[in-house]
Visitor: 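Just passing along the structure, written as structure tokens.
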Amino acid sequence: MAETVLVERKGRVATLRINRPEALNALNSAVLAEMLEKAAALDADREIGCLIVTGSEKAFAAGADIKEMNEKSNMDMFYDDFFAGWDGFAKLRTPKIAAVAGYALGGGCELAMMCDFIIAADSAKFGQPEIKLGVIPGMGGSQRLARSIGKAKAMDMVLTGRMMDAAEAERCGLVSRIVAADALMDEAMKAAEIIAGYSKPSTMVAKEAVDRAFETSLAEGLHYERRVFFGLFATHDQKEGMSAFAEKRKPDFRHE
Ligand code: CO8
């Protein structure tokens with residue numbers, strides 16, 4: 001059977017490409033299992049400093065697989081804890097960038113939002129169309145979209161099921177930048193190589209600290225940040241980074 005997630009490594013960056021062109025990369029159980037297995041192995045690899053998650057030119061992912069879900073009963077969903085595995089993907093500790101071209105709908109938009117930030121091709125289209133199917137977002141869309149773009153826009157998207165284009169997605173803060181479709185992978189790779197070139201412990205805790213802002217009060221978040229900041233002074237790379245600056249040379253990070 002064809003692989004549904006293809007992995008390509010380049011230096012300290014690994015790209016995970018969803019590969020179900022016949023279904024616009026709809027996320028079925030096979031994609032979930034392969035994505036989790038492959039991403040978890042890369043996450044545990046100290047030689048990998050950044051992940052890129054992407055799809056095809058036409059679709060990042062057009063949602064969870066509707067045909068697979070259609071067969072399920074309430075008890076199937078309940079006992080299987082359907083799609084709970086994606087929580088494991090969201091919790092990966094290596095920084096991950098979603099490089100989105102074409103459709104990122106339903107579970108596809110939710111998968112992109114599980115990444116640390118989204119770089120969008122000018123062809124990207126985002127949406128949470130589950131309402132049209134008689135359901136609601138089920139992989140975090142109602143929560144992450146509201147935190148990302150605010151209540152008014154999130155309600156608009158979730159209740160009407162409409163799509164937003166890349167320009168609107170950038171305006172409302174869903175994506176960090178828009179690039180020409182044919183430059184998407186080059187731009188994502190440039191960003192990933194920059195991140196992967198820094199000390200991995202520092203990028204891992206940097207993202208953890210930003211994520212903490214969505215989980216806690218400002219005072220607790222600031223306290224957490226300070227503790228983690230102090231903790232980095234135990235690393236080789238903090239000494240190296242600061243010495244290199246003082247000595248006007250490039251740091252030689254050892255990722256420890
Ligand atoms: N699931 C299964 N198959 C799909 C999906 C999907 N989400 N999207 C597209 N496909 C298939 C089509 O059925 C079609 O297959 P076939 O050729 O065998 O008929 C093929 O992909 C190509 O699609 P289209 O012919 O429809 O292509 P178009 O270019 O005409 O249209 C669209 C593209 C607009 C993207 C259209 O395909 C579409 O509307 N897709 C569905 C989008 C959608 O509703 N997504 C949300 C799904 S629900 C969801 O994600 C819930 C997530 C939470 C679940 C967690 C549970 C706990």
Side-chain angles (χ1 to χ4, degrees), residues 1-6 16-37 39 53-92 96 98-115 118 120-149 153-169 174-175 181 184:
M1 222 167 65
E3 286 177 286
T4 62
V5 177
L6 308 175
L16 294 141
R17 183 180 290 278
I18 306 166
N19 180 42
R20 285 193 73 209
E22 72 285 2
L24 296 181
N25 288 339
L27 307 170
N28 63 5
S29 304
V31 177
L32 168 59
E34 268 188 59
M35 180 66 88
L36 274 184
E37 186 191 328
V53 181
T54 195
S56 67
E57 277 174 29
K58 187 158 186 212
F60 176 75
D65 192 305
I66 299 168
K67 295 165 191 167
E68 185 183 59
M69 279 189 298
N70 185 29
E71 304 299 320
K72 307 241 179 229
S73 70
N74 163 268
M75 284 295 110
D76 292 335
M77 298 299 258
F78 181 79
Y79 279 112
D80 294 351
D81 205 359
F82 194 69
F83 272 19
W86 286 110
D87 297 344
F89 176 83
K91 284 187 184 141
L92 296 177
K96 47 194 188 309
V100 175
Y103 298 112
L105 303 176
C109 185
E110 293 168 306
L111 176 61
M113 288 191 290
M114 286 179 200
C115 295
I118 302 172
D122 49 18
S123 63
K125 285 189 168 39
F126 298 87
Q128 297 289 162
E130 291 90 341
I131 203 78
K132 297 180 183 175
L133 304 169
V135 290
I136 68 165
M139 272 169 62
S142 64
Q143 304 303 299
R144 288 200 177 91
L145 195 64
R147 281 168 169 77
S148 170
I149 65 177
K153 280 271 186 201
M155 283 290 191
D156 179 355
M157 301 302 292
V158 169
L159 286 175
T160 68
R162 75 174 175 89
M163 293 186 210
M164 62 161 75
D165 63 14
E168 185 179 0
L174 179 60
V175 311
L184 177 66

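For ligands, and for the atoms within them, numbers begin at 1 and follow the listed sequence.
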Visitor: May I ask you to identify, for K58, whether its side chain, its backbone, both or neither come under 4.0 Å of ligand 1 on a heavy-atom basis?
Guide: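 Under 4.0 Å from ligand 1, K58 contributes side-chain atoms alone.
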Visitor: For E37, I'd like to know if atom CD has over 12 heavy atoms of other residues, nucleotides or ligands within 6.0 Å.
Guide: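 Not buried by this count: 12 neighbours or fewer within 6.0 Å.
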Visitor: Return yes or no for this condition: an N or O of I66 is under 3.5 Å from an N or O of ligand 1.
Guide: yes
Visitor: Are any of the N/O atoms in E110 less than 3.5 Å from those in ligand 1?
Guide: no
Visitor: What do you reckon, does G106 have a nitrogen or oxygen under 3.5 Å from a nitrogen or oxygen of ligand 1?
Guide: no
Visitor: Can you tell if the side chain of N25 reaches within under 4.5 Å of the side chain of V31, non-hydrogen atoms only?
Guide: no
Visitor: Hey, which atoms in ligand 1 end up nearer than 4.0 Å to a heavy atom of M139?
Guide: 53 (C), 55 (C)
Visitor: Under 4.0 Å from atom 10 (N) of ligand 1, is there at least one protein heavy atom?
Guide: yes
Visitor: Decide whether the shortest distance between a heavy atom of E68 and an atom of ligand 1 is less than 4.0 Å.
Guide: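 Checking ligand 1 against E68, which is what was asked, there is no heavy-atom contact under 4.0 Å.
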Visitor: Check each atom of ligand 1 against the heavy atoms of A23 and keep those under 4.0 Å away; list them by number with element.
Guide: 4 (C), 9 (C), 10 (N), 11 (C), 21 (O)
Visitor: For the pair K96 (side chain) and A90 (backbone), establish whether a donor and an acceptor sit closer than 3.5 Å, ignoring hydrogens and angles.
Guide: yes
Visitor: How far apart are the C-alpha atoms of E168 and D165, what are their side-chain angles, what is the distance that settles it, and do they pass the side-chain contact (heavy atoms from CB on, under 4.5 Å) test?
Guide: CA-CA 6 Å; E168 185 179 0; D165 63 14; 3.5 Å; yes
Visitor: Test your reading of the model: is there a side-chain donor-acceptor pair from E34 to the backbone of T4, 3.5 Å cut-off?
Guide: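 Side chain of E34 to backbone of T4, a donor-acceptor pair under 3.5 Å: yes, one is there.
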Visitor: Right, does atom 39 (O) of ligand 1 have protein non-hydrogen atoms nearer than 4.0 Å?
Guide: no
Visitor: Look only at the side chain of N28 and the backbone of D65, and say whether a donor-acceptor pair between them is shorter than 3.5 Å.
Guide: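 Not a single qualifying donor-acceptor pair exists.
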Visitor: In the protein, what heavy atom is nearest to atom 13 (O) of ligand 1, and what distance, to one decimal place, separates them?
Guide: K67 NZ, 2.9 Å
Visitor: Indicate yes or no: does an N/O atom of A64 lie under 3.5 Å from an N/O atom of ligand 1?
Guide: yes
Visitor: Between I131 and T160, which heavy-atom pair has the shortest distance, and what is it?
Guide: CG2-C, 4.2 Å
Visitor: Under 4.0 Å from any heavy atom of L105, which atoms of ligand 1 are there?
Guide: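 Under 4.0 Å from L105, ligand 1 has these atoms: 35 (C), 42 (C).
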Visitor: Atoms of ligand 1 less than 4.0 Å from P129 heavy atoms?
Guide: 43 (C), 44 (O), 45 (N), 46 (C)
Visitor: Give the single entry among L111, I136, L24 that approaches atom 22 (C) of ligand 1 most closely by any heavy atom.
Guide: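 Among L111, I136, L24, the closest heavy atom to atom 22 (C) of ligand 1 comes from L24.
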Visitor: I'd like to know if atom 25 (O) of ligand 1 has any protein heavy atom within a distance of less than 4.0 Å.
Guide: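 It does not; no protein heavy atom is within 4.0 Å.
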Visitor: Where the side chain of E110 meets the backbone of M139, is there a donor-acceptor pair that is under 3.5 Å apart?
Guide: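 Such a contact is found between E110 side chain and M139 backbone.
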Visitor: Between L27 and ligand 1, which part of the residue brings a heavy atom under 4.0 Å of the ligand: side chain, backbone, both or neither?
Guide: neither
Visitor: Output yes when a protein non-hydrogen atom is found under 4.0 Å of atom 43 (C) of ligand 1, and no otherwise.
Guide: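 It does; a protein heavy atom is within 4.0 Å.
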Visitor: Taking only heavy atoms of F82 into account, list the atoms of ligand 1 that are under 4.0 Å away from them.
Guide: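 Those atoms are 56 (C), 57 (C).
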Visitor: Check ligand 1 against L133 and write out every atom of the ligand that is under 4.0 Å from a heavy-atom position of the residue.
Guide: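 The atoms of ligand 1 under 4.0 Å from a heavy atom of L133 are 44 (O), 47 (C), 48 (S).
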Visitor: Heavy atom under 4.0 Å from ligand 1: found in E130's side chain, backbone, both, or neither?
Guide: side chain
Visitor: Looking at K91, I'd like to know if its NZ atom is crowded, meaning that more than 12 non-hydrogen atoms belonging to other residues, nucleotides or ligands lie closer than 6.0 Å.
Guide: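 No - once you tally the heavy atoms of other residues, nucleotides and ligands closer than 6.0 Å, there are 12 at most.
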Visitor: Step by step, would you call L111 with F89 a side-chain contact (heavy atoms from CB on, under 4.5 Å)?
Guide: CA-CA 9 Å; L111 176 61; F89 176 83; 3.4 Å; yes
Visitor: Which heavy atom of the protein is the closest neighbour of atom 20 (C) of ligand 1, given with residue, atom name and distance?
Guide: E22 O, 3.5 Å
Visitor: Checking D76 side chain against S73 main chain: does a donor-acceptor pair fall under 3.5 Å?
Guide: yes
Visitor: If the cut-off is 4.0 Å to any non-hydrogen atom of G138, which atoms of ligand 1 fall inside it?
Guide: 53 (C), 55 (C), 57 (C)
Visitor: Would you confirm whether R17, through its side chain, and G55, through its main-chain N or O, come within 3.5 Å as a donor-acceptor pair?
Guide: yes
Visitor: I'd like to check atom 30 (O) of ligand 1 in this structure: does the protein have a heavy atom lying under 4.0 Å from it?
Guide: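 Within 4.0 Å: no protein heavy atom nearby.
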Visitor: For salt bridge (charged side-chain N to carboxylate O under 4.0 Å, His left out), just list the numbers for E22 and R20, CA-CA rounded to whole Å, side-chain angles, deciding distance to a tenth of an Å, and then say yes or no.
Guide: CA-CA 5 Å; E22 72 285 2; R20 285 193 73 209; 3.7 Å; yes
Visitor: What I want to know is whether A62 and ligand 1 share at least one N or O pair that is separated by under 3.5 angstrom.
Guide: yes
Visitor: Can you tell me if M155 has over 12 outside heavy atoms packed within less than 6.0 Å of its CE?
Guide: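 12 or below, so no.
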